[in-house]
Amino acid sequence: MSYVEEVYAKLEEKHAYEPEFLEAAKRILETITPIVEANEDLYRKNSLLERLVEPERIITFRVPWVDDQGKQQVNLGYRVQFNSAIGPYKGGLRFHPSVNQSILKFLGFEQIFKNSLTGLPIGGGKGGSDFDPKGKSDAEVMRFCQSFMTELFKYIGADEDVPAGDIGVGGREIGYLYGQYKRITNLYEGVLTGKGLSFGGSLARPEATGYGLVYITNEVVKGTGKSLEGKTVVVSGSGNVAQYAIQKAQQLGAKPVTCSDSNGYVYDPDGIKLDVVFDIKQGHRGRIKEYVEKVPTAQYFEGQKPWGVKCDIALPCATQNEINGEDAKTLIANGCWCVCEGANMPSDADAIDAYEKARVESGFLYMPAKAANAGGVAVSALEMSQNSERLSWTFDEVDEKLKGIMAGIYSKVSTAAKKYGHEGDFVAGANIAGFEKVADAMLAQGNV
Ligand code: NDP
Ligand code: 2IT
């Protein structure tokens, strides 16, 4: 058994009830095999992989709160502080009923390598709760956030652990969480990112993940001599990432024709009208099916995903495992030649196998999440820099830096893939390039 296989076998035995985490760990371990084999003695002596796959710390707590009827409710809260070798723990908070330790460990593990790829000094973490903000009043969300922070504040800090948003956590939630942190600690510091502009937020942070996704997609497409101009794009989700991916894709001349939420998807053959989506989602937290009331020429498909729609490029921007093997084959059969992931782990293992087969056979392009959606956390790190120097940069300054960071990630990923004999395989490239820096730092810092 190889070193990688040994470590994975033990992990599988120890964490048999964490399928999402095991899936993420398996993918990463398998694809870093070339660099592990090149350094096997050193890594084994330092138990590097055994340490890498275990979080430095997991904090779990109950979150009691009172609903609008006066009834006491309780949810679970978590923070997974996975790896601080290259910087303070950094990663979002997810509020969604599906949240559990396995999902947060998978997200936290991915975050280590994603954050490393940005080139900025941020370690990997993730947190959240099984609380569902959907259908809750503002007052309920505020009471929940205050209770959540009343426990979490003990474990975070501007130089220690800096949470941000993710599914179900946007500007409103970050505001309430920040207010409570400040109230309890008396500190006005950059402990959270994604803050409002009036209290230390960065311009271009709301746009950053979606814009970054399209910037790197543009690099990927340019790499084969093509352009985004006139290309049909299928997008899933209609939240923060999807909205700004659609906006940037439109600005670069492409035509996104779908978006979705957990109830179904909208197909607008004339191109998605973003003002309508903004009005539904940012205006009144509505459902995407309302789109067809405003745009009667569009169609709504209840309970379905958009992967059957003919396109050049697919940008999944909703959630994990939203594209399975069959969906991937359908996309490819309909002429799709590029998938870049806005969501975290949206393609399941069978889907990735289908992309890989198509890559080898016909040059299919696939940029995995940890490279493709790193623009969000990268601008979070830029927000931390601005908070530290107590200055605010202009939108253009941040956006230019984001563009440079995404181009840098594309270059690191392609170079690493080539260096280790996997030219064009961006999955291997992203995992190896992300791992290299973390491994160096862990080795240098000794047995911690
Ligand atoms: P939002 O909460 O703003 O939007 C999430 C969108 O995905 C909504 O349209 C939501 O629909 C849909 N969705 C969520 N869960 C499911 C599900 N189980 N099945 C179908 N649809 C679902 O979150 P974000 O846009 O911030 O996040 C989207 C993805 O991008 C996530 O994977 C997240 O981890 C990732 N990401 C986010 C970053 C950020 O900066 N925000 C950075 C990097 C990655 P509904 O409203 O019906 O639930
Ligand atoms: O998955 C992610 O990278 C995020 N949700 C953003 C994390 C951050 O700290 O900005």
Side-chain angles (χ1 to χ4, degrees), residues 20 87-99 103-104 106-115 117-118 120 122-128 132-135 156 161-174 190-195 201-202 204-213 235-246 258-266 277 280-282 285-289 303-306 315-323 341-347 368-384:
E20 293 87 0
Y89 310 106
K90 182 83 197 85
L93 296 172
R94 178 176 290 192
F95 291 171
H96 192 271
S98 64
V99 162
I103 289 185
L104 296 179
F106 119 61
L107 290 163
F109 195 55
E110 285 276 306
Q111 198 83 42
I112 302 170
F113 308 97
K114 179 196 305 193
N115 293 1
L117 281 173
T118 66
L120 300 165
I122 39 179
K126 199 86 190 186
D132 186 358
K134 235 179 272 159
I156 63 176
D161 183 353
V162 183
D166 192 79
I167 293 177
V169 178
R172 174 183 61 173
E173 290 74 17
I174 293 291
V191 67
L192 296 168
T193 59
K195 299 185 292 298
S202 173
R205 177 61 188 90
E207 292 86 353
T209 311
Y211 277 22
L213 170 66
V235 175
S236 65
S238 51
N240 172 265
V241 180
Q243 290 168 19
Y244 292 104
I246 291 172
T258 64
C259 62
S260 70
D261 62 22
S262 55
N263 292 106
Y265 82 89
V266 161
V277 178
I280 297 169
K281 293 295 173 183
Q282 297 188 10
R285 298 179 191 274
R287 307 309 299 161
I288 204 64
K289 70 174 168 216
Q304 292 184 46
K305 292 175 181 169
L315 303 177
C317 296
T319 194
Q320 65 273 3
N321 294 330
E322 55 172 316
I323 304 182
E341 297 180 331
N344 284 306
M345 210 167 78
S347 308
K370 68 174 69 63
N373 72 29
V377 76
V379 172
S380 276
L382 301 181
E383 183 172 327
M384 290 165 71

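In each ligand, atom 1 is the first atom listed, and ligand 1 is the first ligand listed. Since this is a predicted model, take the numbers as computed values, not measurements.
Closest heavy-atom approach to atom 1 (P) of ligand 1 among the candidates Gly91, Gly239, Gly128: Gly239. Summarising the contacts of atom 18 (N) of ligand 1 with Val379, Asn321, Thr319, the nearest heavy atom is found in Thr319.
Residue contact check: Ser260 has heavy atoms under 4.0 Å from atoms 9 (O) of ligand 1. Near Ala164, meaning under 4.0 Å from one of its heavy atoms, ligand 2 places the atoms 8 (C), 9 (O), 10 (O). In summary, the atoms of ligand 2 found under 4.0 Å from a heavy atom of Gly91, numbered by their order in the structure, are 7 (C), 9 (O). Listed by number with element, the atoms of ligand 1 under 4.0 Å from a non-hydrogen atom of Ser238 are 9 (O). Applying the 4.0 Å criterion to heavy atoms of Ala343 picks out, from ligand 1, the atoms 29 (C), 30 (O), 32 (O), 35 (C). Against a heavy-atom cut-off of under 4.0 Å, Cys317 is close to the following atoms of ligand 1: 28 (C), 29 (C). For ligand 1, the atoms closer than 4.0 angstrom to any heavy atom of Ile167 are 2 (O), 23 (O), 27 (O), 31 (C). Each of the atoms 15 (N) of ligand 1 lies under 4.0 Å from some heavy atom of His96. Below 4.0 Å from some heavy atom of Gly342 lie the following atoms of ligand 1, by number and element: 30 (O), 35 (C), 36 (N), 44 (C). Shown in contact with Ser380 at under 4.0 Å from a heavy atom are these atoms of ligand 2, numbered in order with element: 8 (C), 9 (O), 10 (O). Residue Lys90 approaches ligand 2 through these ligand atoms, each under 4.0 Å from one of its heavy atoms: 8 (C), 9 (O).
The nearest protein atom to atom 37 (C) of ligand 1, hydrogens excluded, is given as Val241 CG2, 3.4 Å; this is a heavy-atom distance. Closest protein heavy atom to atom 7 (C) of ligand 2: Gly92 N, 3.5 Å. From the protein, the heavy atom lying nearest to atom 6 (C) of ligand 2 is Arg205 NH2, 3.6 Å. Protein heavy atom at the shortest distance from atom 31 (C) of ligand 1 is Ala318 O, 3.3 Å. Here the protein heavy atom with the shortest distance to atom 3 (O) of ligand 2 is Lys114 NZ, 2.8 Å. Given atom 46 (O) of ligand 1, the protein heavy atom at minimum distance is Arg287 NH1, 3.6 Å.
In this structure a side-chain-to-backbone donor-acceptor pair under 3.5 Å is present from Thr258 to Val235. Not a single donor-acceptor pair under 3.5 Å links the side chain of Asp161 to the backbone N or O of Ile156. Side-chain atoms of Arg205 come within 3.5 Å of backbone atoms of Gly376 as a donor-acceptor pair (strictly under, hydrogens ignored).
Considering Lys289, Lys134, Lys281 in turn, Lys281 is the only one that fulfils the salt bridge (Lys or Arg N to Asp or Glu O under 4.0 Å) rule with Asp261.
Taking any N or O of Lys281, backbone or side chain, none lies under 3.5 Å from an N or O belonging to ligand 1. Where the criterion is an N or O separation shorter than 3.5 Å, residue side chain and backbone included, Arg94 meets it with respect to ligand 1. Ligand 1 has no N or O atom lying under 3.5 Å from any N or O atom of Gly237, backbone or side chain. Polar contact check, Gly168 against ligand 1: a nitrogen or oxygen pair lies under 3.5 Å apart. At a 3.5 angstrom cut-off on N or O pairs, Lys114 does not count as close to ligand 1. Backbone and side-chain nitrogen or oxygen atoms of Gly165 are examined, and one is located within less than 3.5 angstrom of a nitrogen or oxygen of ligand 2. For ligand 1, the polar-atom distance check against Lys126 finds no nitrogen or oxygen pair separated by under 3.5 Å. By the 3.5 Å distance cut-off applied to N or O atoms, Gln320 is not counted among the residues near ligand 1. Distances between N or O atoms of Asn344 and those of ligand 1 include at least one value under 3.5 Å. Considering backbone and side-chain N/O atoms, Lys126 comes within less than 3.5 Å of an N/O atom of ligand 2. By the 3.5 Å distance cut-off applied to N or O atoms, Asn263 is not counted among the residues near ligand 1.
Residues Asn115 and Leu120 form no side-chain contact, since every pair of their non-hydrogen atoms from C-beta on lies 4.5 Å or further apart.
Heavy-atom separations between Gln111 and ligand 2 include at least one value shorter than 4.0 Å. Residue contacts with ligand 1: Lys305 is excluded, as none of its non-hydrogen atoms falls under 4.0 Å. Residue contacts with ligand 1 do not include Met345, since none of its heavy atoms lies under 4.0 Å from the ligand. For the ligand labelled ligand 1, residue Glu322 lies outside the 4.0 Å heavy-atom shell.
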Would Glu173 and Leu93 count as a side chain to side chain contact (heavy atoms under 4.5 Å, CB included) here? Give the steps.
CA-CA 10 Å; Glu173 290 74 17; Leu93 296 172; over 6 Å; no
Give the C-alpha distance, both sets of side-chain angles, the deciding distance and a yes or no for side chain to side chain contact (heavy atoms under 4.5 Å, CB included) between Lys90 and Thr193.
CA-CA 9 Å; Lys90 182 83 197 85; Thr193 59; 3.0 Å; yes
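Taken to the nearest 0.5 Å, the CG atom of Leu315 stands 11.5 Å off from the CG atom of Asn373.
Under 4.0 Å from ligand 2, the heavy atoms of Asn344 that appear belong solely to its side chain.
Ion pairing between a basic and an acidic side chain is recognised when a charged N comes within 4.0 Å of a carboxylate O; Lys305 and Glu322 show no such pairing.
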